[in-house]
2 protein chains.
Amino acid sequence: MLSAKMEDYLKAIYRLERDGDPPIAPSTIAEMLDVTAPTVTSMVEKLADRGLVEREKYKGVRTTPEGETVALEIIRHHRLLETFLTEQLGYDWAEVHEEAEVLEHHISEEFERRVAAVLDEPEFDPHGDPIPSDSLDPIDDESATALSEHDEGGRLEVARVRDRDPDELTYLSDAGITPGTVLTVEEVAPIGMVTVQLESGSSVSLPDHIADAIQVRAPDTQGEDGVSQA
Amino acid sequence: MLSAKMEDYLKAIYRLERDGDPPIAPSTIAEMLDVTAPTVTSMVEKLADRGLVEREKYKGVRTTPEGETVALEIIRHHRLLETFLTEQLGYDWAEVHEEAEVLEHHISEEFERRVAAVLDEPEFDPHGDPIPSDSLDPIDDESATALSEHDEGGRLEVARVRDRDPDELTYLSDAGITPGTVLTVEEVAPIGMVTVQLESGSSVSLPDHIADAIQVRAPDTQGEDGVSQA
DNA sequence: CTTTTGGGTTAGATTCGTCTAATTTGGTGT
DNA sequence: ACACCAAATTAGACGAATCTAACCCAAAAG
């Protein structure tokens with residue numbers, strides 16, 4: 001049995017592999033999990049002993065296929081829980097992350113199955129992140145681009161919001177920006193700010209770090225049904 | 001912050017106080033939690049340091065009011081979760097105990113509130129156990145009597161089933177016996193067995209240890225509405 | 001080709017919850 | 001009263017996850 005801590009390390013390593021390239025340096029993991037470097041070294045040794053990561057001393061680690069499956073399982077738990085909390089318990093998307101972060105380590109497979117069934121096997125969580133399938137196949141971390149990379153004039157649909165700060169998320173949803181929102185880039189100010197116009201006509205200005213976190217794609221041309229997100 | 005383990009000890013001590021009388025002997029706690037006596041001694045020291053139990057060396061422990069509140073909080077979590085799992089996720093009553101036993105330590109107060117709201121502030125869990133109120137007032141552990149104490153002929157309503165064995169619970173629900181079921185004692189055999197007749201007409205025989213676990217009371221004379229359990 | 005130096009690892013300590021083995025306590029039985 | 005015994009506590013150890021301090025690579029800078 002894996003401890004919750006081991007699961008956290010595996011999840012962190014998996015996430016880091018998805019952005020930067022493997023092998024992942026211990027210092028990077030340490031920063032993400034807010035622990036010291038020696039702690040990472042010893043944990044990584046343990047994960048390597050269990051065959052969940054491959055370790056190159058003084059270089060870093062990469063997940064093995066088995067480790068990746070474990071990471072996907074935890075991510076599936078996390079995103080199913082986030083979806084469940086919003087859809088069934090009335091949580092706001094700003095609140096779900098913390099709760100899911102804890103519960104993801106403690107639900108049974110039975111719970112996972114039943115939640116997925118009640119939600120009708122959802123494919124995306126409230127932030128637009130893809131939920132790994134029951135078979136835990138590696139997810140294709142998709143081709144959406146950051147809002148900050150777009151010039152004025154483009155009509156875009158919000159695909160994903162990669163931000164977990166509750167205040168920022170609350171600000172965005174209050175402003176009317178969530179996955180599925182269609183908007184147009186109105187102005188790209190040279191001072192680290194982007195202004196977008198929503199379909200309602202209202203304008204919203206966002207600092208760069210938030211525009212970086214908002215991933216967009218060409219708008220859904222079909223009729224809006226709220227599910228055709230793939 | 002209390003660890004999940006400390007919560008388990010507190011819950012166990014609280015339960016034991018409800019049956020036998022305080023102070024509770026370490027050996028009793030050890031048996032309930034399946035740990036050794038020295039482990040109990042050291043844990044009990046810690047709980048006493050935190051002011052959650054009072055300790056009389058070589059005698060045993062009793063919960064303080066503060067410890068009792070913590071125990072009630074955990075029991076509230078547990079029973080709300082059991083209710084939620086059956087009502088909202090379609091679990092069978094035989095399956096909920098184990099899942100709730102883990103999750104009770106990991107849900108937030110926010111989660112507790114929302115679950116209680118979705119379930120409409122339930123007062124009893126699927127086994128008929130009273131759910132402590134939000135204010136965590138000590139629960140009045142009620143006056144129902146064991147089915148095994150009744151003689152032939154009495155018409156009774158099942159109030160509570162104090163059994164957590166999944167096989168036994170499945171057997172009972174398959175046989176049509178759950179809280180709210182009205183039955184009549186048909187025969188008390190001198191070989192450690194009780195036979196009851198349900199309103200459907202079917203007879204069910206039960207060994208003494210199960211008849212001990214089934215708590216009954218005079219049937220609800222009002223119209224059946226499934227809630228008037230108090 | 002050497003030196004510097006940032007990051008990684010090793011060493012050793014700490015806390016938590018647990019164990020086994022040894023010892024102490026307090027009530028029982030004679 | 002005294003010895004005995006069951007139960008509790010103390011002593012000492014261990015694995016997990018963490019830390020700080022000390023040391024060591026290995027890659028970049030001269």
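Please read all numbers here as calculations on a predicted model, not as lab measurements. In what follows, chains carry the letters A, B, and so on, assigned in the order in which the sequence lines appear, proteins first and then strands, with residues in each chain numbered from 1. FYI, side chains are in, hydrogens and waters are out, and symmetry mates aren't considered; it's all heavy atoms of this structure.
Within the structure, every side-chain polar atom (N or O) of B:Arg55 is placed at least 4.0 Å from both OP1 and OP2 of D:dA8. Listed pair A:Lys5 / D:dT18 meets the phosphate criterion, a side-chain N or O lying under 4.0 Å from OP1 or OP2.
Per the geometry, NZ belonging to B:Lys46 stands 11 Å off P belonging to C:dT15, to the nearest Å. Computed from coordinates, the A:Asp49 CG to D:dA16 C1' distance equals 14 Å when rounded to whole Å. Spacing between atom NE2 of A:His105 and atom C1' of D:dA17 amounts to 14 Å, rounded to whole angstrom units. Between B:Ile29 atom CD1 and C:dT18 atom C1' there is a gap of 16 Å when expressed in whole angstrom units. One can place CE of B:Met43 at 15 Å from P of D:dT9, the figure rounded to the nearest angstrom. Atom CG of A:Leu33 and atom P of D:dT18 are 8 Å apart (whole Å). As rounded to whole Å, 17 Å separates atom P of D:dA16 from atom CG of A:Asp8. In this entry the distance linking OH of B:Tyr9 with P of C:dC16 reads 14 Å, nearest Å.
Taking CG of B:Leu80 as the reference point, atom CD of B:Glu121 lies at 8.0 Å (rounded to 0.5 Å).
Checked against D:dA27, D:dA8, C:dT9, the side chain of B:Pro26 finds its nearest nucleotide in D:dA8. When the nucleotides C:dG17, D:dA17, C:dT9 are ranked by their closest atom to the side chain of A:Ser3, D:dA17 comes out on top. Listed nucleotides: D:dT18, D:dT10, C:dT10. Nearest to the side chain of B:Glu45: D:dT10. Looking at the side chain of B:Ala25, the nearest of the listed nucleotides C:dG8, D:dA8, D:dA16 is D:dA8.
Salt-bridge check for A:Glu110 with A:Arg113: passed, with a basic side-chain N closer than 4.0 Å to an acidic carboxylate O. A salt bridge links A:Glu56 to A:Arg62: at least one charged side-chain nitrogen sits closer than 4.0 Å to a carboxylate oxygen. Checked for salt-bridge contact, B:Glu101 and B:Arg164 miss the test: no charged N lies under 4.0 Å from a carboxylate O.
Contact annotation for A:Ser42: base contact, defined as any heavy-atom pair under 4.0 Å involving a base atom. In this structure, A:Glu56 reaches neither bases nor backbone, as no heavy-atom distance under 4.0 Å exists between it and the strands shown. Within the nucleic acid shown, A:Lys57 comes within 4.0 Å of sugar-phosphate atoms alone, with no base atom in reach, counting heavy atoms only.
Using bins of under 30°, 30° to 60° and over 60° for the plane-to-plane angle, the ring pair B:Phe84/B:Phe111 lands in the perpendicular bin.
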message: Please determine whether side-chain hydrogen bond (donor to acceptor under 3.5 Å, both in side chains) holds for the pair A:Asp163 and A:His209, giving the CA-CA distance in whole Å, both sets of side-chain angles, and the decisive distance to 0.1 Å.
response: CA-CA 9 Å; A:Asp163 183 342; A:His209 78 277; 5.5 Å; no
Go through the steps to decide whether B:Thr178 and B:Trp93 satisfy the test side-chain hydrogen bond (donor to acceptor under 3.5 Å, both in side chains), and finish with yes or no. CA-CA 9 Å; B:Thr178 59; B:Trp93 75 337; over 6 Å; no
Stepwise side-chain hydrogen bond (donor to acceptor under 3.5 Å, both in side chains) test for B:Glu68 and B:Thr63: CA-CA 6 Å; B:Glu68 182 176 1; B:Thr63 54; 5.0 Å; no
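Relative to the axis of its first five pairs, the axis of the last five pairs of the helix from C:dC1-D:dG30 to C:dT30-D:dA1 sits at 10°, rounded to 10 degrees.
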In 5'-to-3' order, the base (B), backbone-only (S) or no-contact (-) status of each nucleotide in nucleotides 20-25 of chain C, using a 4.0 angstrom heavy-atom cut-off, is BB---S
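No donor-acceptor pair closer than 3.5 Å links the side chain of A:Arg55 to the backbone N or O of A:Ala48.
Looking at which nucleotide of DNA chain D each of A:Arg50 and A:Asp34 is closest to, the 5′-most match is held by A:Arg50.
When side chains are defined from C-beta on, B:Asp137 does not count as touching B:Pro132, because their heavy atoms never get closer than 4.5 Å.
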